[in-house]
Amino acid sequence: MSMGTKISRMYMPLAVAATLAMALSACSGGTGGGTEGGGGGAASENLDARGPITYVQGKDNSEVIRPLVDKWNAAHPNETVTFKEQTDKADQQHDDLVQRFQAKNGDYDVASVDVVWTAEFAAKGWLQPLKDKMAIDTTGFLPATVEAATYKDTLYAAPQTSDGGILYYRKDLVATPPTTWEEMLAMCPIAKEKGIDCYAGQFAQYEGLTVNVAEAINTAGGTIVDKDGKATVDTAEAKAGMTNLVQAYKDGNIPKQAVTYQEEQGRISFEEGKLMFLRNWPYVYNLAKSEGSSTVKDTFGIAPLPGKDGPGASTLGGHSLAISVDSKYKATAKDFTAFMITEETQKFYATQGSLAPVMESLYTDAELVAKLPYLPVLLTSIQNAVPRPVTPFYPAVTLAIQQNSFAAISGTKSVDQAMTDMQAAIAAAGSK
Ligand code: GLC
């Protein structure tokens with residue numbers, strides 16, 4: 001299936017929910033620039049203003065941001081950028097942004113926004129529409145990254161880095177990586193013999209769990225929502241996907257402690273040589289290759305996620321740069337945003353941090369591919385990646401997925417019960 005088809009199928013917003021969000025945010029009167037492309041109020045203010053700004057994003061794992069900010073600051077002494085670094089935990093990053101944006105004091109001028117936060121933040125009226133004077137050029141970007149930064153036909157953020165799940169494996173223990181989930185589990189005795197864990201992804205109760213559960217469900221032929229945004233997890237396919245995780249956890253092929261893993265805990269276990277297979281994002285590649293503490297530098301390989309009959313369906317991840325509608329210095333914010341997504345910057349993200357470029361041509365750039373041989377695997381992962389539901393009520397939707405899948409994995413609910421409850425909770429999320 002082409003990427004276009006997949007995106008248009010998955011990117012249909014929860015129409016009813018979105019309308020409600022509009023009504024709610026209008027009632028609360030706190031939207032400043034409004035929600036339909038930001039005609040007036042804060043969205044039309046400070047567009048030509050220049051001055052010092054703050055850029056905020058999650059933990060700079062691979063030290064890519066500081067050098068870029070230093071470079072910018074050296075060239076713009078009157079428009080310096082202060083880098084506010086958040087934790088490495090996706091939910092904490094989200095909650096910090098919500099708090100600051102709600103305060104409407106322009107504390108954060110430019111923020112790195114996860115693909116799943118765009119609809120929520122845009123519907124609340126917190127993001128500056130990137131059009132007219134604030135327009136950002138996204139020519140040549142992977143369509144999925146632009147879609148993910150768009151809400152109601154308006155671009156609200158500039159795609160910065162994409163993300164697709166990949167399978168890290170120990171090539172010294174497994175000659176050929178598994179292509180199916182079954183094949184992978186059949187290799188677990190090798191790990192057992194070595195006294196190490198077999199497989200882990202992100203199974204703590206937070207956004208990463210939604211990512212992993214969505215992958216299991218989509219890979220088994222299920223979906224989370226249909227094209228109209230209606231919950232579809234109470235199906236045989238979705239249950240089969242969930243059962244794969246539940247069973248692997250029960251059997252010990254996913255180790256007990258994996259229910260506490262976010263991205264970093266799994267990465268560390270893999271780098272310490274304690275894990276044979278790891279589902280994670282591309283940022284791990286650079287760290288596992290270069291960190292002094294990595295014991296697997298020369299012994300790990302990467303492959304597409306294992307699937308049902310072939311490669312699995314990754315969940316689409318990634319981040320975009322959004323400008324706060326309350327920023328006092330939007331001309332600076334816009335120029336800094338543009339600087340953070342140039343081709344040169346994109347190459348730096350890739351070479352320095354093994355982050356996934358949003359510019360499509362970089363995946364076939366001969367020089368870059370020679371340096372980063374994993375790029376073709378990554379492109380396949382991203383091109384086949386399935387977006388998570390697009391809705392202003394995403395926090396409630398993801399909570400419904402997390403709570404019920406966590407209960408199923410840890411054995412406090414049967415898969416049947418968990419999926420029935422998940423179905424009801426996703427449906428209710430759209431009317432909150
Ligand atoms: C990565 C992805 C993001 C996802 C998060 C979950 O940062 O880019 O989309 O939501 O992981 O932890």
Side-chain angles (χ1 to χ4, degrees), residues 7 10-11 56-62 64-65 85-98 111-121 141-142 144-150 157-166 168 200-216 218 224 258-268 278-287 305 313-322 341 346 349-350 353-358 378-379 381-382 384-391 394-399 401-402 405-406:
I7 296 305
M10 294 305 302
Y11 256 81
V56 56
Q57 74 150 56
K59 188 162 187 332
D60 185 18
N61 288 309
S62 311
V64 292
I65 300 303
E85 189 177 22
Q86 300 167 308
T87 69
D88 55 29
K89 301 194 166 59
D91 290 9
Q92 288 177 1
Q93 296 161 14
H94 170 269
D95 295 350
D96 176 49
L97 291 182
V98 168
S112 179
V113 168
D114 192 320
V115 288
V116 284
W117 306 336
T118 315
E120 178 197 357
F121 293 175
F141 284 19
L142 290 161
T145 66
V146 179
E147 294 257 11
T150 302
Q160 180 188 22
T161 50
S162 191
D163 241 351
I166 40 191
Y168 293 84
Q202 294 74 47
F203 301 117
Q205 195 184 313
Y206 79 113
E207 185 56 31
L209 180 59
T210 297
V211 166
N212 283 254
V213 167
E215 282 170 355
N218 287 313
I224 306 272
V259 291
T260 64
Y261 282 8
Q262 299 201 14
E263 281 81 0
E264 284 292 86
Q265 290 78 18
R267 174 177 76 81
I268 288 162
L278 169 69
R279 179 258 172 243
N280 213 321
W281 307 105
Y283 85 96
V284 167
Y285 186 91
N286 172 64
L287 294 170
L305 294 179
S314 167
T315 294
L316 182 72
H319 291 82
S320 318
L321 296 177
I341 60 167
Q346 294 275 323
Y349 289 142
S354 62
L355 301 175
V358 291
L378 183 55
L379 182 61
S381 164
I382 292 173
N384 294 308
V386 183
R388 283 159 277 175
V390 174
T391 160
Y394 187 76
V397 171
T398 187
L399 196 65
I401 300 169
Q402 290 167 34
S405 59
F406 193 82

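Every value quoted in this text rests on a predicted model; they were computed, and no experiment measured them. Every number for a ligand or one of its atoms is a count from 1 in the order of the listing.
- Rounded to the nearest 0.5 Å, atoms CD (Gln262) and OG1 (Thr87) are 8.0 Å apart.
- In terms of polar-atom proximity, Glu207 is not counted as a contact of ligand 1, lacking any N or O under 3.5 Å from an N or O of the ligand.
- Nearest protein heavy-atom neighbour of atom 12 (O) of ligand 1: Glu263 OE2, 2.7 Å.
- To the nearest 0.5 Å, the span separating CD on Glu263 from CD1 on Ile268 amounts to 11.5 Å.
- Ring geometry for Phe121 against His94 counts as parallel: the plane angle stays under 30°, on a 0 to 90° scale with 60° as the upper cut.
- Polar contact with ligand 1: present for Gly318 (N/O pair, distance under 3.5 Å).
- Glu215 and Arg279 are joined by a salt bridge, as a carboxylate oxygen and a charged side-chain nitrogen come within less than 4.0 angstrom of each other.
- The protein heavy-atom contact nearest to atom 4 (C) of ligand 1 is Asp114 OD2, 3.2 Å.
- Listed for the Ser381 side chain is a donor-acceptor partner under 3.5 Å among the backbone atoms of Gly165.
- Put simply, part of Arg388 is less than 4.0 Å from ligand 1, judged by heavy atoms.
- Of all atoms in ligand 1, numbered sequentially from 1 with element shown, those under 4.0 Å from a heavy atom of Ala90 are 12 (O).
- Scanning the protein heavy atoms around atom 7 (O) of ligand 1, the nearest turns out to be His319 CE1, 3.2 Å.
- When all heavy atoms are compared, the tightest approach of Asp96 to Gln86 is OD2-NE2, 2.9 Å.
- Looking only at protein heavy atoms, the nearest one to atom 8 (O) of ligand 1 is Asp163 OD2, 2.6 Å.
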